[in-house]
Q: 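Structure in structure tokens, see below.
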2 protein chains.
Amino acid sequence: MNIENADPPSGRKSGWKQNPEAVRQDILHAAIAEFAEKGLSTARVDDIAAKTKTSKRMIYYYFDDKQTLYEHALEAAYAQVRQGENALQLDHLSPQDALAKLVAFTFDHHRNHPDFIRMVMIENVHHAETLAKSEAIQKLNIPVIEKLAAICTRGQADGIFRTDVDPTVLHWQISALSFFNVSNRPTFSALFGDQLFAEAGQAALREQVVHMVLASVYKSKDRP
Amino acid sequence: MNIENADPPSGRKSGWKQNPEAVRQDILHAAIAEFAEKGLSTARVDDIAAKTKTSKRMIYYYFDDKQTLYEHALEAAYAQVRQGENALQLDHLSPQDALAKLVAFTFDHHRNHPDFIRMVMIENVHHAETLAKSEAIQKLNIPVIEKLAAICTRGQADGIFRTDVDPTVLHWQISALSFFNVSNRPTFSALFGDQLFAEAGQAALREQVVHMVLASVYKSKDRP
DNA sequence: CCCCAATTTAACTCTCCAGTACAAAATCCT
DNA sequence: AGGATTTTGTACTGGAGAGTTAAATTGGGG
């Protein structure tokens, strides 16, 4: 879908053969899918190769080994998802509305990017060893907190938010609810049924989550 | 710590040699530790054996293969944790206090049983395939919901809780916040620092979590 | 005390799979 | 064109680790 061998229009970046950048991307997408599906050690390089337009040999050509490939795949997964988040425009909204929109957006966004969630789950299983080494990923996460900090500041200036709201805590809350919804769906629905994960259930949960987070930042007297 | 080879006081259950039940338990504990630490496929049977008083061959003697051992380890992990929960007595408390206590307890309990959390994480990475097959585990989870349902009923009878509170949703909320706190600590602290996971931070988070959950069940007019 | 069934030990096999050796294209440079 | 360099295909290797073979040990019942 991405590359056509007929007339490469603007590709051929690094002054060399057929668009190496596109090949890298192709491999990374396949790798994300495989790692997200199976986990780091269960993932098979041969299976990643099979999902690719290219071969196993090429994977080792572009990325040195499985671990390196995993690092790049993790980075790519973060980049893609955070990029989507950065597109959100909240400045024109009141602090309450901005926060509500951010929470609802995050809930949906996580739901729409299960592969990303699963990469993070896997990273947590591995004690975040890879993530801890990647400065690139750490930089990608600064804007999330900044966005929340701006909302907090405005909300406090308006006298509506509690004075002790903490952007990091807020992010923890939003993440916890939105992340768990995707990460623990398998066990939760195996134990308690999957009604909550059908459309109606999810809509209700999103509502709940938005309310919970908003309630936690309001001063008591201002609660709607 | 559990077994002494000096005078087996009441052991020797199955009418045969040195307490096979104790050996099983020994293996299961080692297995839980190893699986929780490394994940299903990264875990090494040899390493489990090394943590045991017995040998690798014995593991295959008592449990047929790695997968079977994993199943039993998962079951044991659930049994242990749910048993701790069942000890909670809530009937003598008002619905609000009961719920608050249950939430705070769950938050702490999860925090104190990281191996259990990690087993569940791993199970989710594997799409809960093993959990889905275990009726034993599914039964273990009924009391949690029943306990919540009882609290909801009482709260509604008192006219304090909303009429549409749902025990399953409530459990989802409590679990999400308490689970994520343990499961995602590695990535979260790699990205945003580990202040939230130090004692003070955790105490504050627990407070927050209790408030959030309570707020979500109160009728608006009754919110404290 | 001797046999049998229940355990246990140690050494072994066999498969899977990450990673590689090697050489054949393909592309660019002059 | 022809040599240098980069890209790709094929077939292979080496090691790790799940699971096994087969013999030794133990305790109990007769």
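Proteins come first, then strands; the chains are lettered A, B, ... in the order of their sequence lines, and each starts at number 1. Owing to the predicted nature of the structure, the values given are computational and were not obtained by experimental measurement.
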Q: To the nearest Å, give me how far apart CD1 (Ile48(B)) and P (dA16(D)) are.
A: 19 Å
Q: Has Ser55(A) got a side-chain N or O lying under 4.0 Å from the OP1 or OP2 atom of dT8(D)?
A: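 No, because none of the side-chain N or O atoms of Ser55(A) sits under 4.0 Å from OP1 or OP2 of dT8(D).
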Q: For the pair made of OH in Tyr61(A) and C1' in dA26(C), what is the distance, rounded to whole Å?
A: 12 Å
Q: Can you give one letter per nucleotide of nucleotides 17-25 of chain C, going 5' to 3': B for a protein heavy atom under 4.0 Å from the base, S for sugar-phosphate only, - for none?
A: SBBBBB---
Q: Return the set of residues passing side chain to side chain donor-acceptor pair (under 3.5 Å) with His109(B) (not counting sequence neighbours), or none when no residue passes.
A: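 Counting only residues at least two positions away or on another chain, His109(B) forms no side chain to side chain donor-acceptor pair (under 3.5 Å).
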Q: Which side-chain N or O atoms in residues 37-44 of chain A pair as donor and acceptor under 3.5 Å with protein atoms at least two apart or in another chain?
A:
unit_1: Lys38(A); atom_1: NZ; unit_2: Glu34(A); atom_2: OE1; d: 3.4
unit_1: Lys38(A); atom_1: NZ; unit_2: Glu34(A); atom_2: OE2; d: 2.8
unit_1: Lys38(A); atom_1: NZ; unit_2: Asp47(A); atom_2: OD2; d: 3.0
unit_1: Ser41(A); atom_1: OG; unit_2: Ser41(B); atom_2: OG; d: 2.9
unit_1: Ser41(A); atom_1: OG; unit_2: Thr42(B); atom_2: OG1; d: 2.8
unit_1: Thr42(A); atom_1: OG1; unit_2: Lys38(A); atom_2: O; d: 3.3
unit_1: Thr42(A); atom_1: OG1; unit_2: Ser41(B); atom_2: OG; d: 2.8
unit_1: Arg44(A); atom_1: NH1; unit_2: Ser41(A); atom_2: O; d: 3.0

Q: Once you round it to whole Å, what is the distance between C1' of dT8(D) and OH of Tyr62(A)?
A: 10 Å
Q: Which residue is it: Leu205(A), Val210(A), Val213(A)? I am looking for the one with a side-chain contact (heavy atoms from CB on, under 4.5 Å) to Phe107(A).
A: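 Output: one option passes, namely Leu205(A).
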Q: With Thr187(B), which residues qualify under side chain to side chain donor-acceptor pair (under 3.5 Å), at least two apart?
A: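 Thr187(B) satisfies side chain to side chain donor-acceptor pair (under 3.5 Å) with Asn124(A) only.
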Q: Rounded to whole angstroms, how far apart are CD on Glu21(A) and C1' on dT7(D)?
A: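 Atom CD in Glu21(A) sits about 16 Å away from atom C1' in dT7(D).
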Q: Residues in side chain to side chain donor-acceptor pair (under 3.5 Å) with Asn181(A), at least two apart?
A: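 So Asn181(A) forms a side chain to side chain donor-acceptor pair (under 3.5 Å) with Gln202(A).
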Q: Would you please name every residue forming a side chain to side chain donor-acceptor pair (under 3.5 Å) with Arg24(B), sequence neighbours left out?
A: none
Q: Specify the separation, in whole Å, of atom CG of Leu40(B) and atom C1' of dA18(D).
A: 12 Å
Q: Please report, rounded to the nearest Å, how far the C1' atom of dT8(D) is from the CG atom of Asp26(A).
A: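 The answer, rounded to whole Å, is 15 Å.
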Q: Could you state the CZ-P distance from Arg24(A) to dT7(D), rounded to the nearest angstrom?
A: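 Whole-Å distance recorded here is 12 Å.
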